[in-house]
2 protein chains.
Amino acid sequence: MKVPSVQKRLNGQNTKARLLQTTEILFAAKGVAGVTMRGVAQRANTNLASVSYHFGSKEAMVLEMIKSKIEPINATRRKRLAQAKLKHPDNPLTTVQIFRALIRPVGEQVEKELRNQSGILEIISRSFTEPASFLEKVHKRFFGELSQVFMNELKFAHPLANEEDLYWNYHFAVSSMLGALAQHKRICDFSSGRCNENSIQEMIERLIIFVSQGFEAGIKNKK
Amino acid sequence: MKVPSVQKRLNGQNTKARLLQTTEILFAAKGVAGVTMRGVAQRANTNLASVSYHFGSKEAMVLEMIKSKIEPINATRRKRLAQAKLKHPDNPLTTVQIFRALIRPVGEQVEKELRNQSGILEIISRSFTEPASFLEKVHKRFFGELSQVFMNELKFAHPLANEEDLYWNYHFAVSSMLGALAQHKRICDFSSGRCNENSIQEMIERLIIFVSQGFEAGIKNKK
DNA sequence: GTGTTGTTTAAACGATCGTTTGAAAAAAGA
DNA sequence: TCTTTTTTCAAACGATCGTTTAAACAACAC
């Protein structure tokens, strides 16, 4: 075992990155079953066995791809929530402010990646809806703790509210967000072209209003 | 070619029904990929080839199962909407009344099937989120026309509203419903047991409030 | 140069998939 | 009963999947 060389071997890093990028595209388009090791290797211009070499297994590759896409968004979510609290140190945040911190970072990530049609919406929603058991750990790991942070903020914002109501409606809000991300390509068909699926930012802003008002509608005071 | 016999051959109908039921269970639990012809045949106590015999292909079997589960719900949805209109012939329906007609029949179907843990929620949501291209026709066939009916009712209920707002928010409402159905098993984990995933009826009623208020929040008058 | 380490490659393995075949079994009609 | 039709069954086919192996190749240390 030698000390890793200072000089990077860029060849390996390049193919690993290409594999991750191809995994992203295939997973967004076709789900876990659509990510075949042969398909990924071929579209990444490398060999079948390089997937096992770089990641160990298909599951590990998919998990690493998901992690690389979701973790930056979650980091931004936490940051935005903290920033909003700093701006209003005396009052609890409003419902809209809280859900802005949760949902806007998704839209911003889409902006950043608009070069490659950005399958980030599909990746997020598929992470929750794909029936692959190995994805279960994704939820706990990437959304469990984050949900507690946002839930605590919602409790703080609604001190008189029934706790059960808060949980149910936060659950609806998150589910709605995931559902809207998963279904966003249908808006064009469904509205007969009246609404455009490409205006992700407009969707995000509308979605924030939708879930915030839906959330508040279900909150009653403690009895 | 003979005239079909009046006397039914119940044996064939039985295995076909058993295959459909098994398909339902596996599809709800594991999605399209989890419905393997060998798995279905085995759990239905029949032979592998009987699937091809009765349905022609796996896709046809899955589609027939989905059809058998969704069509009755959609029929009830139309009926409830018509009934509500008859009760209030002079005024347009309220947003809540319209979404009640859309969402309540799902909960009622769960009630009807509580014998076999009723994977109907998963079946509906998976029909929209599974990345199987042959499921695309399900959406157009089972939801396209129905959506127009409900959309027209919402337009009638909001005559001054901007049409684009109506489409976007109806899209959110449907996506939220699908998302909530897809994620409903997580409420227990997420709320640390404070909320119960088994009280589907409570979820349905809460969901109606949520999407109705979310919908109305995004509607502005024509400029 | 030689040797070591990291990376790529072609080839094969075992498993599972959906589908098809042809004959046996069961049911229905005559 | 005998004939016909419908249904079941075991077996096999070709395709594709994830993974593994062992050899070839490339980059660096000495």
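Below, all heavy atoms of this structure are taken into account, side chains as well, without hydrogens, waters or symmetry copies. Below, chain A is the first sequence line, B the second, and so on; all start at residue 1.
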For the student: nearest non-hydrogen atoms of [X] and [Y], plus distance:
| X | Y | answer |
| --- | --- | --- |
| B:Glu130 | B:Val32 | OE1-N, 2.9 Å |
| B:Val110 | B:Ile200 | CG1-CG1, 3.9 Å |
| A:Arg126 | A:Phe27 | NE-O, 3.1 Å |

Taking atom [atom2] of [N] as reference, at what distance in whole Å does atom [atom1] of [X] sit?
| X | N | atom1 | atom2 | answer |
| --- | --- | --- | --- | --- |
| B:Phe55 | C:dT20 | CZ | P | 16 Å |
| A:Glu59 | D:dG18 | CD | C1' | 10 Å |
| A:Asn45 | C:dT8 | CG | P | 12 Å |
| B:Asn47 | C:dT19 | CG | C1' | 13 Å |
| A:Tyr53 | D:dT19 | OH | P | 17 Å |
| A:His54 | C:dT7 | NE2 | P | 6 Å |
| A:Lys58 | D:dG18 | NZ | P | 4 Å |
| B:Met37 | D:dC13 | CE | P | 19 Å |

If you pin B:Arg38 and A:Val32 to their nearest nucleotides in DNA chain D, which one's is more 5'?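 First, find each residue's nearest nucleotide; the 5'-ward one identifies B:Arg38.
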Side chain of B:Ser57 only, heavy atoms from C-beta on: which candidate in C:dT19, C:dA11, D:dC9 is closest?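 Within the option list, the nearest is C:dT19.
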Which nucleotide in the list C:dT20, C:dA10, C:dA11 gets nearest to the side chain of A:Leu48?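 Among C:dT20, C:dA10, C:dA11, the one nearest the side chain of A:Leu48 is C:dA11.
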Is any side-chain nitrogen or oxygen of B:Thr15 closer than 4.0 Å to OP1 or OP2 of D:dT8?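 Indeed, a polar side-chain atom of B:Thr15 lies that close.
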- prompt: How is A:Ser52 classified with respect to the nucleic acid when contacts are heavy atoms under 4.0 Å: base, sugar-phosphate, or nothing?
  reply: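 A:Ser52: base contact, heavy atoms under 4.0 Å.
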Just call it for B:Val35: base, sugar-phosphate, or nothing, with non-hydrogen atoms closer than 4.0 Å on any strand.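 The answer is sugar-phosphate, as B:Val35 gets under 4.0 Å only of primed atoms, P, OP1 or OP2.
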> Side chain of B:Arg206, backbone of A:Phe172: donor and acceptor closer than 3.5 Å?
Replying inline: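 Not at all, since once roles are kept as given, no pair shorter than 3.5 Å links the two residues.
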Ring geometry between B:Tyr170 and B:Phe99 (parallel below 30°, tilted from 30 to 60°, perpendicular above 60°):
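Parallel: the ring planes of B:Phe99 and B:Tyr170 meet at under 30°.
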